[in-house]
Amino acid sequence: MKIIITENYDELSQKAFEVMKDVVTSNENAVLGLATGSSPLGLYANMISDHKENKTSYKNVTTFNLDEYVGLDKNHSETYYTFMHKNLFDSLDITESNVHIPLGNGDLESNCADYEKQMADYQLDVQLLGIGSNGHIGFNEPGTSFDSLTHVVELKESTRLDNARFFEPLNEQVPTHACTMGIKTIMNSKKVLVVASGANKADAVYAMVKGEVSEDCPASVLQNHSDVILICDKAAASKL
Ligand code: F6R
């Protein structure tokens with residue numbers, strides 16, 4: 001695992017952008033695995049600025065997002081569909097039919113199987129990941145099988161608390177379930193780029209890098225991947 005420790009979040013976002021830009025400029029048909037949450041926001045802002053300033057094109061890029069909440073209307077302000085369009089896709093020249101996000105409504109089992117089928121036609125050039133304070137990747141919570149494919153999960157209370165900040169202003173509860181790419185799905189990516197910021201990620205970052213490879217810490221599986229870049233700020237790296 002290549003580890004880059006930065007002074008702060010801005011530098012983390014710049015370094016992550018350099019990795020992403022290299023992927024999209026070396027192959028105009030690049031396939032990107034994308035994440036939501038706070039961690040990638042700076043990276044996405046850099047991708048948008050670069051697209052505007054340097055005309056880096058995403059027209060032929062294909063994307064697959066990690067996960068989606070179950071039970072929210074697609075256009076709800078807190079779906080990952082809305083998040084991705086607001087924070088990235090609406091500001092790029094990406095072709096909407098190349099964008100893939102798991103569906104959190106309808107027949108969930110069949111949606112998950114369809115998602116795997118769609119992904120089977122591609123190999124991700126890079127999978128971007130944030131890490132949960134409990135070591136989750138995607139919404140693969142501790143205890144998830146390393147052999148898992150896209151599936152429905154019940155979110156841990158700690159994850160729902162971590163994400164409550166997005167739902168509190170709406171006076172709504174964080175959904176109890178989500179659809180997520182599985183750990184095996186994530187591990188199929190050619191490259192994995194993990195971004196982690198802040199002291200509340202320090203234990204999870206330590207367990208990912210130095211802990212035992214165990215389903216108790218889903219991110220620890222990345223020790224078994226041959227091309228992982230972890231970019232974290234000093235606070236997230238403080239226990240390494
Ligand atoms: C998001 C996702 C999650 C987040 C993780 C960290 O699509 O799959 O694993 O990456 O919960 O979230 P933030 O970045 O908000 O701390």
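Note that ligands are numbered from 1 as they come in the structure, with each ligand's atoms numbered from 1 the same way.
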Pick, from S38, A35, G132, G130, the option with the minimum heavy-atom distance to atom 13 (P) of ligand 1.
S38
Nearest neighbour in protein (non-hydrogen) for atom 14 (O) of ligand 1
S39 OG, 2.5 Å
Counting heavy atoms only, name the option from G33, G138, S133 that's nearest to atom 9 (O) of ligand 1.
G138
If we ignore angles and hydrogens, is there a donor and acceptor under 3.5 Å between the side chains of S13 and N46?
no
Short question: side chain of E141, backbone of H136 - any donor-acceptor pair under 3.5 Å?
no
Residues at least two apart in sequence or cross-chain that pass side chain to side chain donor-acceptor pair (under 3.5 Å) with H177, listed by chain then number, are none
Region of T36 that comes within reach of ligand 1 [heavy atoms, distance under 4.0 Å]
both
Between D162 and ligand 1, which residue portion shows a heavy-atom distance shorter than 4.0 Å: side chain, backbone, both, or neither?
neither
Donor-acceptor pair between E28 and S57 side chains, under 3.5 angstrom
no
Looking only at the side chains, is there a donor atom on one of T79 and T82 sitting less than 3.5 Å from an acceptor on the other?
yes
Could you name the option among K201, H136, E141, M84 that has the heavy atom nearest to atom 5 (C) of ligand 1?
H136
Below 4.0 angstrom from a heavy atom of G37, which ligand 1 atoms are there? Numbered from 1 as shown, please.
14 (O), 15 (O)
Counting distance only, does the side-chain N/O of D125 pair as donor-acceptor with the main-chain N or O of L32 below 3.5 Å?
no
Atom 6 (C) of ligand 1: closest protein heavy atom, distance to 0.1 Å, is I131 O, 3.4 Å
Would you please name every residue forming a side chain to side chain donor-acceptor pair (under 3.5 Å) with D22, sequence neighbours left out?
none
Side chain, backbone, both or neither: the part of R165 lying under 4.0 Å from ligand 1 by heavy atom
side chain
Under 4.0 Å from a heavy atom of L66: which atoms of ligand 1 are those, numbered in the order shown and with their elements?
8 (O)
Closest protein heavy atom to atom 8 (O) of ligand 1, given as residue, atom name and distance to 0.1 Å:
D67 OD2, 2.5 Å
Test salt bridge (charged side-chain N to carboxylate O under 4.0 Å, His left out) on K191 and D227 and set out the steps.
CA-CA 5 Å; K191 181 191 283 297; D227 188 1; 3.2 Å; yes
